[in-house]
Amino acid sequence: MRAELDKAEGLRAELDDVRGKLAAVTAAMEALTRRVLGPKSEKVPPPEKELRKDESDDDAEARQLAALARRRERAALKEKLRSETVVHHLGDDQRQCPSCGGTADRALGSGKQTFLYEYVPGYFVRQCHIQEKAACTCGQFIATADAPARPIEGGHYGAGFMAHIAVMKCADAIPLHRLAKQYQRLGIPMSRSTLTDLFHAAAEKLAPLWQRLLWLVAQHDIVQADETSLVMQKPFRRGFVWTFLCDAIIAYRFAPDRSGETPLAVLGGTQGTLVVDAYTGYNRVVDVDGRTRSSCLAHVRRKFFEALTSHPEAARRALDLILEIYRVEHDAKQRGIVRTAAHLQLRQTRGREAMNAFLAWLEAEQANYPPKSALGQAISYTRNRGETLTRFLDDARIPVDNNASERALRIVALGRKNFLFVGNPETGNNLAGLYSLIATCDLHNVDPIEYLRDVLIRVDTHPAAAIDELLPHRWRAPERLEFAVAA
């Protein structure tokens with residue numbers, strides 16, 4: 001009898017082991033199927049979209065009013081466009097009256113108006129700068145007007161030209177060889193090597209500014225960070241673009257690897273909170289006497305979304321519980337109390353209640369699913385985050401997720417699809433530096449071309465102690481200088 005019981009126990013253990021392996025294989029196959037056969041973009045619906053299903057009439061009305069305000073703002077911007085009037089005159093055959101045979105000569109008002117938004121191709125200008133010279137009657141002195149300001153001493157390309165190259169590549173992810181084709185169509189043949197030289201010359205010229213952005217981010221109490229890959233040619237291997245951001249600044253840094261050396265170099269020795277995913281490369285920053293780690297709820301939500309196929313009911317229950325946490329943040333935003341004492345109180349009451357309900361569900365359900373199944377892995381991932389997942393409940397400044405960092409890396413991912421790689425670590429760092437300046441411009445609704453056009457000229461002569469005045473979030477557009485143009 002004892003032998004039979006031992007045998008049965010052994011079979012049960014073997015069965016449990018097989019079930020665990022089957023669950024792991026099933027989860028891996030589902031992930032592989034999504035990657036190979038499914039859509040390339042992530043289809044996790046944003047919490048805001050799901051929350052709209054349950055929004056009240058007042059919330060729906062407020063959202064519609066906000067959308068109306070945005071449309072009016074866009075319409076107001078269109079009104080500021082440069083306008084021109086094109087008059088369409090009546091032909092002689094159009095003036096003849098079909099009723100009496102007379103001629104329509106009496107004007108009716110200013111005419112019928114029709115508005116069109118038309119595209120006028122951009123153009124480049126070959127400027128000939130003439131410096132006035134004058135001599136004194138004594139013959140001992142000749143005065144010469146100031147030379148035009150140039151970003152590169154002895155160079156033949158202006159700051160606006162270099163700014164356009166940088167913005168096209170960093171903001172619009174246009175490879176330089178495609179940009180060369182555009183310039184060719186506009187009547188200015190340029191080789192890709194020349195564009196590349198100008199791009200990196202701009203980055204090197206502005207190095208004090210984007211290095212200053214990285215330093216300022218590190219001084220902030222709340223920092224978010226993430227990273228994504230970008231291939232290098234020499235040596236041929238995967239490099240990584242890291243982003244570090246706070247409220248006012250988005251900064252990037254390139255590294256030839258994904259080790260913890262990069263976050264340590266940027267954030268080492270600083271205090272505060274670091275909002276990141278579970279990657280261990282950040283551990284050296286959140287070690288003893290370092291920053292406090294805060295985990296990302298969106299990564300948790302994504303894990304349960306991936307488990308919907310194999311465990312639809314349980315995964316949906318988890319997603320609904322997570323949605324209640326996001327509902328608290330949504331309500332705070334609707335009430336206009338984000339990052340205030342009222343927001344903190346809301347988190348510590350409703351937010352903590354929603355989080356406790358989610359954590360209690362995790363504890364009750366963990367034993368019901370094999371650890372290597374999709375849902376078992378999602379539950380283990382979440383519980384392993386520990387108190388780092390609830391840290392936002394005690395500080396209204398800490399975001400509930402790290403989506404801002406992922407959004408900041410989208411332009412890098414788009415560039416990876418278009419221009420594929422960087423030449424080496426140095427050129428990668430130049431790319432990251434210009435990303436920093438242009439992304440921070442976008443964050444503050446600053447025209448990046450106008451900004452770069454200005455600072456490329458001013459950075460050499462601006463006092464080093466006042467360098468912050470040239471950063472995108474503190475920059476003020478100077479008055480335009482007018483030049484006399486000879487006919």
Side-chain angles (χ1 to χ4, degrees), residues 44-60 62-63 66 220-226 245-247 271-278 282 286 291-305 307 314-366 375 378-407:
V44 183
E48 293 78 7
K49 184 176 181 180
E50 293 198 23
L51 289 170
R52 288 177 189 171
K53 300 175 183 177
D54 304 324
E55 67 182 359
S56 64
D57 293 340
D58 291 341
D59 289 342
R63 182 166 54 82
H220 205 271
D221 286 341
I222 312 296
V223 176
Q224 297 176 249
D226 203 356
L245 58 93
C246 59
D247 291 339
Q271 302 292 319
T273 301
L274 179 61
V275 184
V276 289
D277 55 25
Y282 298 101
V286 296
R291 286 182 173 265
T292 302
R293 190 181 200 130
S294 180
S295 292
C296 172
L297 188 61
H299 278 77
V300 169
R301 185 168 176 265
R302 198 170 301 155
K303 295 289 184 182
F304 287 99
F305 183 84
R316 174 48 58 187
R317 175 58 180 162
L319 291 172
D320 289 342
L321 291 170
I322 295 172
L323 194 63
E324 290 304 309
I325 303 171
Y326 274 101
R327 192 183 301 279
V328 175
E329 303 304 305
H330 174 76
D331 292 347
K333 185 177 180 180
Q334 293 294 106
R335 291 163 56 182
I337 60 172
V338 175
R339 299 185 182 181
T340 65
H343 186 196
L344 178 60
Q345 183 179 10
L346 196 64
R347 281 186 170 184
Q348 292 184 337
T349 52
R350 286 179 51 198
R352 193 173 295 278
E353 180 181 350
M355 179 59 78
N356 287 341
F358 176 49
L359 295 177
W361 181 88
L362 293 174
E363 184 176 3
E365 293 292 324
Q366 185 168 25
L375 191 61
I379 294 175
S380 297
Y381 175 89
T382 306
R383 298 198 69 192
N384 288 341
R385 305 285 72 77
E387 62 180 9
T388 65
L389 192 60
T390 60
R391 191 149 284 138
F392 73 95
L393 297 173
D394 299 317
D395 191 336
R397 300 172 302 165
I398 300 176
V400 69
D401 55 40
N402 198 28
N403 285 348
S405 291
E406 295 192 353
R407 288 193 297 269

ask   = Would one find more than 12 heavy atoms of other residues, nucleotides or ligands at under 6.0 Å from atom CD of Gln348?
value = yes
key: Phe392 versus Pro399, closest heavy-atom pair with distance   = CB-O, 4.1 Å
ask   = Quick one: side-chain hydrogen bond (donor to acceptor under 3.5 Å, both in side chains) partners of Asp320, sequence neighbours excluded?
value = none
remark   = Ile322 and Val300 have their tightest heavy-atom pair at CD1-CG1, 4.0 Å
remark   = Sorted by chain and number, sequence neighbours left out, side-chain hydrogen bond (donor to acceptor under 3.5 Å, both in side chains) with Glu353 holds for none
query = What residues, two or more places apart in sequence or in another chain, satisfy salt bridge (charged side-chain N to carboxylate O under 4.0 Å, His left out) together with Arg301?
reply = Glu50
remark   = Sorted by chain and number, sequence neighbours left out, side-chain hydrogen bond (donor to acceptor under 3.5 Å, both in side chains) with His343 holds for Glu329, Arg347
note = Between Arg293 and Ala278, the two heavy atoms sitting closest are NH2-C, 3.5 Å
query = If we only count heavy atoms from C-beta on, is the Leu245 to Arg407 side-chain gap below 4.5 Å?
reply = no
note = Residues pairing under salt bridge (Lys or Arg N to Asp or Glu O under 4.0 Å) where one sits in residues 378-390, two or more places apart or in two chains, turn out to be Glu387-Arg391
query = Can you tell me how far the SG atom of Cys296 sits from the CG atom of Asn403, to the nearest 0.5 Å?
reply = 5.5 Å
request  = Quick one: pull up CG in Asn402 and NE2 in His299 and give me the separation to the nearest 0.5 Å.
outcome  = 7.0 Å
task = Could you check Leu297 against Tyr326 for side chain to side chain contact (heavy atoms under 4.5 Å, CB included), going step by step and ending with a plain yes or no?
result = CA-CA 9 Å; Leu297 188 61; Tyr326 274 101; 3.7 Å; yes
remark   = Distance col, row Phe358:CZ vs Leu389:CG, nearest 0.5 angstrom, shows 7.0 Å
request  = Would you please name every residue forming a side chain to side chain contact (heavy atoms under 4.5 Å, CB included) with Ala225, sequence neighbours left out?
outcome  = Phe244, Leu274, Val276, Tyr282
message = Restricting to salt bridge (charged side-chain N to carboxylate O under 4.0 Å, His left out), what partner residues turn up for Arg335, sequence neighbours left out?
response = none
ask   = Could you give the distance from CD1 (Ile325) to CG (Leu393), rounded to the nearest 0.5 Å?
value = 8.0 Å
query = Hey, is Arg302 close enough to Asp277 for a salt bridge, meaning N to O under 4.0 Å?
reply = no
task = Applying salt bridge (charged side-chain N to carboxylate O under 4.0 Å, His left out), name anything that partners Arg317, two or more places apart in sequence or on another chain.
result = none
inquiry  = Could you work out, with side chain to side chain contact (heavy atoms under 4.5 Å, CB included) as the rule, every residue matching Glu365, not counting sequence neighbours?
reply    = Trp361, Asn368, Tyr369, Ile379
ask   = Going by an N to O cut-off under 4.0 Å, is there a salt bridge joining Arg352 and Asp394?
value = yes
remark   = side chain to side chain contact (heavy atoms under 4.5 Å, CB included) filter on Asp395, not counting sequence neighbours, yields Ile222, Arg397, Ile398
message = Could you report the tightest heavy-atom contact between Asp401 and Gln224, atom names first, then the distance?
response = O-NE2, 3.6 Å
request  = Write down the atom of Asp226, the atom of Ser405, and the distance for their closest heavy-atom approach.
outcome  = CB-CB, 3.6 Å
note = With sequence neighbours left out, the residues meeting salt bridge (charged side-chain N to carboxylate O under 4.0 Å, His left out) with Arg350 are Asp331
query = How would you list, by chain and number, every residue that makes a side-chain hydrogen bond (donor to acceptor under 3.5 Å, both in side chains) with Thr382, sequence neighbours excluded?
reply = none
message = If I compare all heavy atoms of Thr340 with all of Ala396, which pair ends up nearest, and what's the gap?
response = O-CB, 3.8 Å
